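Beneath this line is the structure, given in C-alpha cells, with notes to follow.
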Amino acid sequence: MMANSTDILRANLKQLAITEPEMAKRIEDAAPMELTWAASKAGPLTATLEHQGRKLSLASRFDPMAEAEKLNSQLDPTKHAAAVFLGMGLGYHVAKAAEELNDNRSLIIVFEPNLSLLKAVLSHVDHTAWLGRHNVLLADTTMDRSGLLGRIEGFGSIMTQGTQLITHPTTRQLDSTAIHEFGGLVTDALAFFRTNVATALVNSSRTVRNNTMNLAYYGAGPNTNELYLAAEGYPAVCVGAGPSLAKNIDLLTNPDIRKNVIVISAQTTLKPLLARGVRPDFVTALDYHAISSRFYEGIGNVDDITLVAEAKANASILDSFPGPVRVTQSNYMDRMLGEDARPITPVKAGATVAHLSVYLAQYLGCDPIMLIGQDLGFSDGLYYCPGTAIHDVWATELNSFNTLEMMEWQRIVRHRGLLSRQDDMYGKPIFTDEQMVTYLKQFERDFAKSPQQILDCTEGGLLIANTTPMTLADALDAYATKPVPRMPMASRDFDTNRLAKMVKLLERRLAEVEEIRSLSQRTVPLLEAMKKHQRNYAKACEIHDKIEKNKKKVDMLEDTFTLVNELNTIGAFKRARADRAIHHQEMDQYEVQRRQIDRDIENLEWLIQACDEGLQIFRDALKRTRDLYKQHRKEKTRV
C-alpha cells in the first residue's frame, strides 16, 4: 500500500509540475496529514480526519461520486465557462467537473488551504486526468491577488461568460477564513475582468476609429524606436495626478535634481508641472475622448517635451500637442499597413496614462522607477492634485455655491455604489472605488514581474504591492546622483512619400470592406437555405459549395477581414457563448448543425453591421489623411 501511495503521489505531482511547478514542490515538501481511509459502499475511497475532537468526512461513506454530482449541481457548462472550487476534499467533484469543462473555452480553479491534507489526498487518489492541464489552476494560501491575476489573465473573457463558485462543506468547517479570503480574491479578479471586457466591448468602435484616424502619425510620423533603452540604468519619476502629488512635486523644481532624473508626466499633470517650472521629458496620452486635447491648451512652447501617445488616442490629442509626437507600436495598425508596416519595438499598452508612463520608463531602460501622485484613492477627500488640468475644465462651472472642493467631492460620490473604505499606506481610512482598485491590481501584477526596482514615492494613498515605499526626497538622494543622457528628439514632419502610400492604402481597404459586406449579405440566405434543406444531402452539398466559394473570397481579404472583426466584438462574444452551449448540450447531428447555422447567421448579421461602421470610419480617415497629405505637400513646396 505504501509503495502504491508513493507511485500515485509521484504521478500526480509530475502532472501538476507541468503548469504549477512551485505548487508541486510545496506539496512534496509538506508532511502528509493523517487520514483514515476506507472503501465507500459504492467502491471509491473515502477518508475522515480528526478535528476538534470529532471526525469529519472528506467524502461520502456511501457514494462519493453521487455526492460529487450533488456538489456540482449548480454548475451548468452551457452557462458557466469557469468553476472555482473552494476546498479540494478528495477531489471527486473537481474530477467530475474537469470531465465536462474539458476544452480551451473553460477554466477550473481549485483552492486548498491545507497542503498537508492535499498531500495525503494526492497520495491515495489519482487525479492525473486533470492536473497539469493549462486551463486548471491548483492554488493554496500563498496565492495573492497579483499572482492570481497573472496566472489566469488569459482566461478573463472566459470567466465573464459565467463563473460558478463551489465550496466543499468540510473545508468550510476546517478553514472558513481562508475560504472567505480566496473567494474574495476570485471576486475581485472577476470584477477586474468584467471591467476589461466591458471596456473592450464599449470602446471597440472608438479604438478602431482613433487608430485609423491616426494613420498619418503611425505610418508616416516618428515612432518610439529611438527611445528604446535610451536611458538604461538611469532613474525615472512617473508623475500621476493623485492628491498626494502636492506633497513632493516641488522637489523636482530644483535644477540640480531635475537634471539627474527622467521625468514622465501623465497628460493631466503636465500643466501643474509647467506652472512650477518643471519641464518633463515626456508626457503620455492614450485617452479616447477629444476633451483630453484641452490638457494642452495654452501650454506654450514645448519643443523640448515629447508626447508619447498610443495610436488609439483621440486624433485631436496628437493634433493639438504643440511639440514633437511619437506613436507607440500597435498590432491593429501594423495589420492595417500590411507590407507597408515599419518594425517598431513595442511599448506595452497601458490601461491608463499612469500605466503607460511606467511602461515607457521600462522601455527607456530606467531603473529605479519612482511613482509620485499615484494615490489610487481619494486622499484627504480629493480626487485630483490641486492645479491639474481638469480644474481648468471645471472653471466655467465654479461659483460661490459650487466650489472646487464641492466638485471634487461630487466627482467622488457620483458612483457611491462602487466606493469602498480601505486603509491607506499609513493605516488611515481612505475612500477608493472599483475603477481605482482595478488600476491597483494592474500595477501590482505588472510590478510582480518587473525587472526594475519600483519605488512608491507617493507618500499617501493605497499601498501598492511589489513596490518599495520611500519618500521622494530619500529616493532622489539615493539614486539621482548623476545627469541623465539627452533624449532623442522627434520631428513634427511627416514623410510625404509614406503619406501618399497611406492614402492609396485606405482606398484599397475601403474597396475590400465593401467586398466583405457584399459577400456576407449573399451568404446569409445561403445559410437559411442550408438550414431548410439540411436533410437533403444533394441540395445541402450544392449550397455548401456556394458558401465555400464566398468563404474563399473572404479568406483572400484576411487582413481587412481581421480589421473589420475588431468592430465585431459583440458578435464574437455571442459566438463564443453559442459555441459553449452547442458543445455542452446533447443533441443529434441535425440539431447541432441547425444551432451552428443559427450561430453563423447571427454572426454574419453582426459582421454586416461592423462593415457598415468600418466603411464610415475608413471614409473619414481617408479624407483626413488625404487632407494632411495635400497640406504637407503644399508646405514642402513652399519651402
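Here the structure is a predicted model, which is why all the values come from computation and not from measurement.
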Please determine whether the number of non-hydrogen atoms from other residues, nucleotides or ligands lying under 6.0 Å from atom [atom1] of [X] exceeds 12.
| X | atom1 | result |
| --- | --- | --- |
| Glu50 | CD | yes |
| Lys348 | NZ | yes |
| His180 | NE2 | no |
| Arg61 | CZ | no |

From [X] [atom1] over to [Y] [atom2], what is the distance, rounded to the nearest 0.5 angstrom?
| X | Y | atom1 | atom2 | result |
| --- | --- | --- | --- | --- |
| Phe447 | Gln442 | CZ | CD | 9.5 Å |
| Cys238 | Leu371 | SG | CG | 6.0 Å |
| Asn12 | Lys119 | CG | NZ | 12.5 Å |

Plane angle bin for Phe111 and Phe182 - parallel if under 30°, tilted between 30 and 60°, otherwise perpendicular: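 Rings of Phe182 and Phe111: parallel, under 30°.
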
Any donor-acceptor N/O pair, [X] side chain to [Y] backbone, under 3.5 Å:
| X | Y | answer |
| --- | --- | --- |
| Gln534 | Tyr590 | yes |
| Asp367 | Gln453 | yes |
| Thr352 | His355 | yes |
| Thr46 | Ala59 | yes |
| Glu310 | Gly350 | yes |

Do the charged groups of Lys70 and Glu67 touch, with an N to O distance under 4.0 Å? no

Under 4.0 Å between a Lys/Arg side-chain N and an Asp/Glu carboxylate O for Arg10 and Asp7?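 Yes.
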
Could you pull out all residues at least two apart from Glu566 that satisfy side chain to side chain contact (heavy atoms under 4.5 Å, CB included)? Val208, Tyr332

Applying side chain to side chain contact (heavy atoms under 4.5 Å, CB included), can you list everything that pairs with Asn114, at least two apart in sequence or on another chain? Met33, Glu112, Ser116, Leu117, Asp175

Using salt bridge (charged side-chain N to carboxylate O under 4.0 Å, His left out), reason through Glu22 and Lys25 one step at a time and then give a plain yes or no. CA-CA 5 Å; Glu22 294 179 359; Lys25 185 67 168 63; over 6 Å; no

In chain order, what residues pass the ring pair (Phe, Tyr, Trp, His ring centres under 6.0 Å) check against Trp606, with sequence neighbours excluded?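 None.
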
